[in-house]
Amino acid sequence: MEKQFTAATEERHWREEWERLDIGRANPDSQRPAFSMALPPPNVTGRLHLGHATNGALQDALARFHRMRGAEVCWVPGTDHAAIATQNVIERQLAAEGTSKETIGRAAFDARVESWYAEVGGEILEQLRRLGTTCDWSRARFTLDDAYVQVIRLVFRDLFDQGLIYRGPRIVNWCPRCGSAISDEEIDFQEHHDTFFYVRYRAAGPSAGGDRDGITIATARPETIPADVAVAVNPDDPRYRDLVGTTLLEPLTGREIPVIADPLVRIEVGTGALKITPGHAPDDYEIGQRHGLEVLTAIGLDGRLRTPGLAALDTLTVAEARPRAASLLRAAGAMVREEPLVHMVGHCDRCGTVIEPLVTPQWWCRMAELAEPAAEAVRSGRVRFHPPRFAAEYLGWLEGLRDWCVSRQLWLGHRIPVSTCARGHVFAWVDEPVQCPRCDSAELRHDPDVLDTWFSSALWPFAILGWPEPTPELSRFYPTHVLSTARGILRLWVARMVMTSLRFTGEVPFHDVLIHATVLAPDGQVMSKSKGNGVDPLAMVERHGADAVRAWAAQIAMGIQDTRFDERRIESLARFANKLWNMTRLLWDRLPRDSDDRILLPPDPPRSELELADRWILARTAEVVERVTASFQRFDLTDAIDTLYEFSWHELADWYWELAKDRLEPAGTAGAVAGRVLLATLAALHPIMPFVTDACASRFAGQPASLDLGAWPEPPDSWRDPEAVEAMVACLDVTRALRSALQESLGGRTSRTRRGPVAVVRVRRGPDCLWTDPGRTYVARMAGVVFDDAAEPPPDRPGSSAGQVLVVGPTELEWRPVGEVGAGPDLASIARELARVEVHHANLAANLAGPFAARAPAVVVQREQAKLEEAERRIAVLRDTLSSGRDGVPPGQGDPGRDR
RNA sequence: GGGCGAAUAGCUCAGUGGCAGAGCGCCUCGCUUACACCGAGGAUGCCGCAGGUUCGAGUCCUGCUUCGCCCACCA
């Protein structure tokens with residue numbers, strides 16, 4: 001075996017091996033219980049980012065875990081055409097080439113899109129493979145596939161026929177650059193620093209308010225004044241009550257408009273009077289509808305003014321028209337004052353252009369009927385969120401949901417499957433018809449709009465399993481079990497999947513929704529292409545290995561907090577992979593191997609042949625596997641990887657491997673135990689770090705072709721051994737205390753190769769394992785000491801010896817350097833420690849004397865009592881050392897230079 | 001304006017009412033035949049602030065501060 005784990009080589013090998021073994025293939029005919037997931041299809045807009053990688057690693061860990069637990073796992077991958085996002089990408093490319101989609105035309109644009117999908121779509125799935133994910137690649141779907149398109153049309157037609165989809169003019173979020181409607185969820189609000197204009201609307205006649213002569217309104221958008229149809233005030237506002245019902249003169253063109261009262265108007269904002277422009281503001285539209293006001297339009301779909309009656313503004317852009325309108329108002333004497341205004345302005349999520357609310361005809365999906373069942377599914381617990389707080393956000397959104405604008409005016413996407421005939425019959429279809437089903441007219445006009453990309457995504461979990469056909473996959477793997485995704489698309493996608501699934505399959509689409517953490521750039525900013533602060537996951541894989549990236553993802557994925565990217569964490573996990581490799585290598589070096597160079601494990605030793613360390617590590621393995629199993633089951637991969645890391649490195653390697661080293665004879669128990677314990681650990685790690693674990697496990701004879709195909713470790717009950725754990729922990733504590741004391745007193749003079757044992761130790765009191773052989777040998781070996789009182793324990797009395805005394809829990813022992821007259825203890829540091837222990841002791845004593853002793857649970861009191869006793873003993877030996885030190889060796893000889 | 005989350009070592013983060021932890025970095029020591037991508041030891045904390053509950057609070061409650069995210073009809 002190589003001295004280091006070579007991630008790149010091993011990964012290539014194991015990826016091929018897993019493909020060959022067809023690990024990810026889901027067999028709907030198997031008898032195993034099912035576990036299924038739908039991979040959130042990445043947008044085919046570019047390379048994979050860290051969020052995809054994190055989510056992929058998280059899902060693959062679950063897939064592998066359940067496969068090893070005996071489930072038939074079906075994890076379906078795929079990609080999303082992402083109409084608006086992809087169109088924007090292509091448009092930016094065209095712009096960079098100095099052209100545009102209008103210049104090259106539809107056909108060339110379509111060809112361009114097609115080759116983009118072919119190239120990038122495959123690349124994205126390939127990148128997921130590089131992470132070692134075991135999706136069922138044979139089931140990969142693309143939302144533009146023919147079969148998928150059929151499902152979309154079917155759903156659309158049903159919703160249309162049931163009256164849940166309708167077309168009508170309404171105010172929408174219009175992106176003038178995209179030339180399309182945008183849904184409420186795709187608006188990016190940004191803070192703008194604008195001007196708040198206070199504008200006087202004069203009374204139209206003497207009846208209107210007498211001496212006050214009209215109303216002053218406040219607006220940020222004077223350019224929309226030509227489309228004003230009213231001024232609204234709150235019905236409870238005493239300032240304006242008498243003016244309701246009168247008319248005012250709109251100050252730019254002098255039209256007469258009424259003063260109306262509506263509760264939506266907030267008294268405290270601006271002047272409490274609101275100009276009503278139903279054509280260009282969502283609230284105004286609502287108020288206008290309520291009062292039966294007409295909709296005037298001053299801004300066209302291209303974002304330019306359409307004010308034929310006001311030539312000064314006509315055809316200007318909004319940005320140009322605003323100051324122009326303001327100066328017209330000033331010239332007319334209507335501008336009362338101007339002040340700075342900080343407010344939020346909507347931008348197109350995809351291209352950043354300022355959204356214009358405009359009234360246009362669009363297709364709408366009625367939400368009321370779909371939302372309530374979706375809410376109920378979560379309230380009843382059929383769909384659970386992890387972390388659970390996201391249920392509240394989900395439910396909150398479903399309340400008072402406005403109808404969903406499902407049409408877009410894009411070149412790219414699924415055409416709305418609706419045609420209108422020459423006689424005006426409108427009908428939805430699945431296969432495009434040649435004549436009208438109502439009147440047989442052959443003059444059909446296919447609706448030019450395309451569907452919101454989220455309409456197709458909303459069908460993902462059942463569409464990919466063959467719905468509406470009653471496929472074996474659908475009956476076997478649907479509803480899916482887990483959906484893992486990012487927080488940002490909870491409404492956009494997750495909620496809509498629940499809605500459509502309940503409507504069309506009568507089932508929830510999934511039971512557990514995992515919302516994983518968002519990875520921020522190291523500076524705490526959101527990673528984004530425009531900021532250029534993104535981290536390429538594939539570069540991380542190349543630098544540190546896929547296992548390290550996956551283990552990092554497991555660590556951060558289900559943490560509550562969003563996390564700043566920190567490459568050092570990935571590095572440390574890459575070292576962990578190397579550690580596992582070298583732990584395997586030790587066994588490979590020392591144990592016999594078969595003709596294929598695989599480790600031949602000695603037979604399972606009878607219990608009677610196990611010594612303390614063996615019993616301890618078997619017991620700890622059982623405990624760790626049990627804990628990790630539970631962690632996986634509650635999606636706590638942070639705990640799973642942390643527990644396994646800690647155990648593998650700091651129990652298995654640091655202690656057991658060191659102790660077992662000398663006992664690794666071909667037929668010895670240590671090799672047998674080490675092999676079994678390592679294999680169990682590798683198996684438990686496999687869902688998270690599949691490459692290195694397979695690479696290591698495959699060095700053993702008799703292993704499955706991949707750990708993924710083997711069973712999840714189930715340590716037998718006979719491995720449990722609380723007594724061994726307790727005894728071994730005592731040995732480890734003593735060893736650590738001795739190492740610490742030795743190194744503190746002797747500095748660097750502890751090189752074991754040169755010196756052998758460096759101290760002589762006599763145990764005064766302590767657990768049996770320190771008096772008897774296995775435990776005593778462990779301490780001697782690991783701490784580099786010899787015991788000199790094996791035969792007869794010394795009298796149990798403190799002080800009166802040449803050595804220093806150590807108190808470790810219930811244990812008390814004394815030691816002195818080998819062959820040296822003790823240099824004498826460092827009296828100053830001992831005095832400091834004494835002071836510390838005395839304070840600790842006083843605290844413990846006070847606590848135990850108070851109500852604590854009566855109220856706290858007995859175990860806790862007992863523990864504190866034991867601490868008190870330990871503190872008492874330490875105080876005794878420290879005082880003793882101090883006084884004998886003063887009598888004997890002069891203070892200061894203990895190298896005061898090391899004092900700090 | 002409303003809601004949610006976060007605040008723990010120099011940095012990035014775990015932490016489940018009972019002795020404050022990890023990784024990285026830092027200091028000392030060791031090139032020990034699995035691993036120097038290693039090993040041994042060490043230093044480093046007002047657990048954001050102020051109250052409260054409790055025998056006991058980093059952990060539960062209330063208020064506050066700062067940061068972040070989401071929502072919202074601040075026109």
Side-chain angles (χ1 to χ4, degrees), chain A residues 1 3-5 189 196 217-221 224 232 264-266 268-271 273-277 281-287 341-344 387 389-390 392-393 396-397 487-488 490-491 518 520 522 524-526 544 555-556 559-590 638-639 642 645-646 650 653-654 657-658 661 664 736 739-744 746-754 782-784 840 843-844 847-848 850-857 859-861 863-864 867 898 900:
Chain A
M1 283 176 79
K3 203 166 176 179
Q4 283 176 18
F5 176 64
F189 282 95
F196 214 18
I217 59 93
T219 182
R221 305 205 56 189
T224 64
L264 203 54
V265 180
R266 295 185 14 183
E268 70 283 2
V269 177
T271 64
L274 174 63
K275 78 186 195 67
I276 299 299
T277 321
D283 306 338
D284 296 15
Y285 183 79
E286 198 181 311
I287 291 174
L341 172 70
V342 179
H343 62 151
M344 303 300 278
R389 62 190 152 87
F390 287 107
E393 185 181 334
W397 182 69
R487 196 176 48 213
L490 187 64
R491 308 138 195 270
T518 302
L520 304 174
Q525 300 222 333
V526 177
H544 306 292
Q555 265 184 350
I556 60 109
I560 283 177
Q561 210 190 350
D562 290 350
T563 192
R564 294 184 184 206
F565 180 74
D566 185 359
E567 192 170 349
R568 296 170 307 176
R569 290 179 73 167
I570 301 183
E571 278 169 24
S572 79
L573 290 159
R575 282 199 282 272
F576 178 50
N578 192 55
K579 188 75 182 182
L580 294 167
W581 176 258
N582 276 292
M583 290 169 71
T584 307
R585 197 159 75 97
L586 178 67
L587 302 188
W588 189 82
D589 275 344
R590 304 287 185 84
T638 308
D639 188 68
D642 285 354
Y645 179 99
E646 175 68 22
H650 298 307
D654 286 352
W657 250 233
E658 290 302 325
K661 255 182 199 173
L664 290 175
R736 272 188 284 255
R739 281 173 172 174
S740 176
L742 260 50
Q743 198 147 326
E744 279 287 283
L746 304 175
R749 295 170 293 161
T750 55
S751 171
R752 266 176 267 155
T753 41
R754 269 180 296 167
M782 301 297 283
H840 185 219
N843 289 341
L844 288 166
N847 199 21
L848 281 162
F852 168 79
R855 302 271 194 108
V859 256
V860 177
V861 175
R863 210 153 51 212
E864 295 299 296
K867 280 183 223 163
R898 283 176 44 246
R900 281 179 285 270

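Residue numbers begin at 1 in each chain, while the letters A, B, ... track the order of the sequences.
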*Check the distance between B/rC24's P and A/F576's CZ and give it to me in whole angstrom.*
13 Å

*For B/rC24 versus B/rC19, give the span between their P atoms, rounded off to a whole number of Å.*
26 Å

*asked:* Does a side-chain N or O of A/K579 approach OP1 or OP2 of B/rG23 to a distance below 4.0 Å, or not?
replied: no

*Starting at CG of A/D654, measure out to CE of A/M782 and round the result to the nearest 0.5 Å.*
8.0 Å

*Rounded to whole angstrom, note down the C1' distance from B/rC26 over to B/rG58.*
25 Å

*Starting from C1' on B/rA14, measure out to CG on A/L573 and report it in whole angstrom.*
13 Å

*asked:* Suppose you measure atom P in B/rA20 against the same atom in B/rG45; what distance do you get, rounded to whole Å?
replied: 14 Å

*Quick one: A/R266 CZ to B/rA75 C1', roughly how many Å, whole number?*
9 Å

*Hey, what's the ring geometry for A/H650 with A/Y645, parallel, tilted or perpendicular (30° and 60° as the breaks)?*
perpendicular

*Nearest whole angstrom, please: distance from the P of B/rA40 to the CD of A/E658.*
8 Å

*Mind checking the CD-CZ spacing from A/Q525 to A/R564? Nearest 0.5 Å is all I need.*
9.5 Å

_C1'-based separation of B/rG23 from B/rU8 [nearest Å]_ = 15 Å

*Please round to the nearest 0.5 Å and tell me the distance separating atom CG of A/D566 and atom CD1 of A/I556.*
11.5 Å

_Assess the residue pair A/V526 and A/L520 against the criterion (side chain to side chain contact (heavy atoms under 4.5 Å, CB included)); give the C-alpha distance rounded to whole Å, side-chain angles, the decisive distance to 0.1 Å, and a yes or no._
CA-CA 5 Å; A/V526 177; A/L520 304 174; 4.1 Å; yes

*asked:* Could you spell out the base pairing of RNA chain B as a dot-bracket line? Use Watson-Crick and G-U wobble contacts where both distances are under 3.5 Å, [ ] for crossing pairs, | for partners on a different strand.
replied: (((((((..((((....[..)))).(((((.......))))).....(((((..]....))))))))))))....

*Map A/E864 and A/F5 onto RNA chain B by nearest heavy atom, then report which one ends up closer to the 5' terminus.*
A/E864

_Using OP1 and OP2 only, check whether a side-chain N or O of A/S740 sits under 4.0 Å from B/rA40._
no

*Distance test, side-chain N/O of A/R585 to OP1/OP2 of B/rC35, below 4.0 Å*: yes

*asked:* Measuring only the C1' atom in each nucleotide, how far is B/rC27 from B/rU44? A whole number of Å is fine.
replied: 11 Å

*asked:* Has A/N582 got a side-chain atom pairing as donor or acceptor with A/N578's backbone, closer than 3.5 angstrom?
replied: yes

*At what distance, to the nearest 0.5 angstrom, does CG of A/L664 lie from CG of A/L586?*
5.5 Å

*Identify whether any heavy atom of A/D284 sits under 4.0 Å from a base atom; if not, whether one sits that close to sugar-phosphate; answer base, sugar-phosphate or nothing.*
nothing

*Is it true that a side-chain atom of A/R739 and a backbone atom of A/G784 form a donor plus acceptor pair closer than 3.5 Å?*
no

*Taking atom C1' in both B/rC11 and B/rA40, what distance in whole Å separates the two?*
25 Å

*To the nearest 0.5 Å, tell me how far A/K867 NZ sits from A/N847 CG.*
9.0 Å

*Output yes when at least one side-chain N/O atom of A/R569 is less than 4.0 Å from OP1 or OP2 of B/rC11, else no.*
no

*Heavy atoms, side chains only, cut-off 4.5 Å: are A/L274 and A/I287 in contact?*
yes

_Within the 4.5 Å heavy-atom criterion, are A/F196 and A/H343 side-chain neighbours or not?_
no

*asked:* Can you confirm whether A/V860 sits close enough to A/F852 that some side-chain heavy atom of one is under 4.5 Å from a side-chain heavy atom of the other?
replied: yes

_Pairwise P distance, B/rG56 and B/rG18 [rounded to whole Å]_ = 14 Å

*Among the nucleotides B/rG18, B/rA75, B/rC13, which one has an atom lying closest to any side-chain atom of A/L274?*
B/rA75

_Using the side-chain heavy atoms of A/M344, tell me which of these nucleotides is nearest: B/rC19, B/rA40, B/rA72._
B/rA72

*If only side-chain N and O atoms of A/T563 are considered, is one of them under 4.0 Å from the OP1 or OP2 phosphate oxygen of B/rC13?*
yes

*Euclidean distance, atom CZ of residue A/F390 to atom P of B/rG3 [Å, nearest integer]*: 17 Å

*Over how many whole Å does the gap from A/Q743 atom CD to B/rA43 atom P extend?*
12 Å

*Between B/rC73 and B/rG68, how far apart are the C1' atoms? Round to whole Å, please.*
25 Å

*Between B/rG23 and A/H650, is there an OP1 or OP2 to side-chain N/O distance shorter than 4.0 Å?*
yes

*asked:* Quick check: do A/R487 and A/D562 have side-chain heavy atoms less than 4.5 Å from each other?
replied: yes

*Nearest-neighbour nucleotide for the A/F852 side chain, B/rG18, B/rC4, B/rA75 considered*: B/rG18

*Between A/H840 (NE2) and B/rG18 (P), how many Å, whole number?*
16 Å

*Classify the side chain of A/R568 versus the base of B/rC11 as yes if they form a donor-acceptor pair under 3.5 Å and no if they do not.*
yes

*Measure from the side-chain heavy atoms of A/L264 and tell me the nearest of B/rA75, B/rC73, B/rC70.*
B/rC73

*asked:* Given B/rG41, B/rU12, B/rC24, identify the nucleotide with an atom nearest to the side chain of A/R564.
replied: B/rU12

*Starting from C1' on B/rU12, measure out to CD on A/E567 and report it in whole angstrom.*
13 Å

*Classify every nucleotide of nucleotides 58-63 of chain B by which part a protein heavy atom approaches to under 4.0 Å, writing B for the base, S for the sugar-phosphate alone and - for neither, in 5'-to-3' order.*
------

*Does A/Y645 or A/R491 map to a spot on RNA chain B nearer the 5' end, using the closest nucleotide for each?*
A/Y645

Could you list the protein-to-nucleotides 52-54 of chain B atom pairs, N/O on both sides, closer than 3.5 Å?
none

*asked:* To the closest 0.5 Å, what do you measure between CD (A/E646) and CZ (A/F576)?
replied: 10.0 Å

*asked:* Closest approach to the side chain of A/K3, judged atom by atom: which nucleotide of B/rA36, B/rU12, B/rA75 is it?
replied: B/rA36

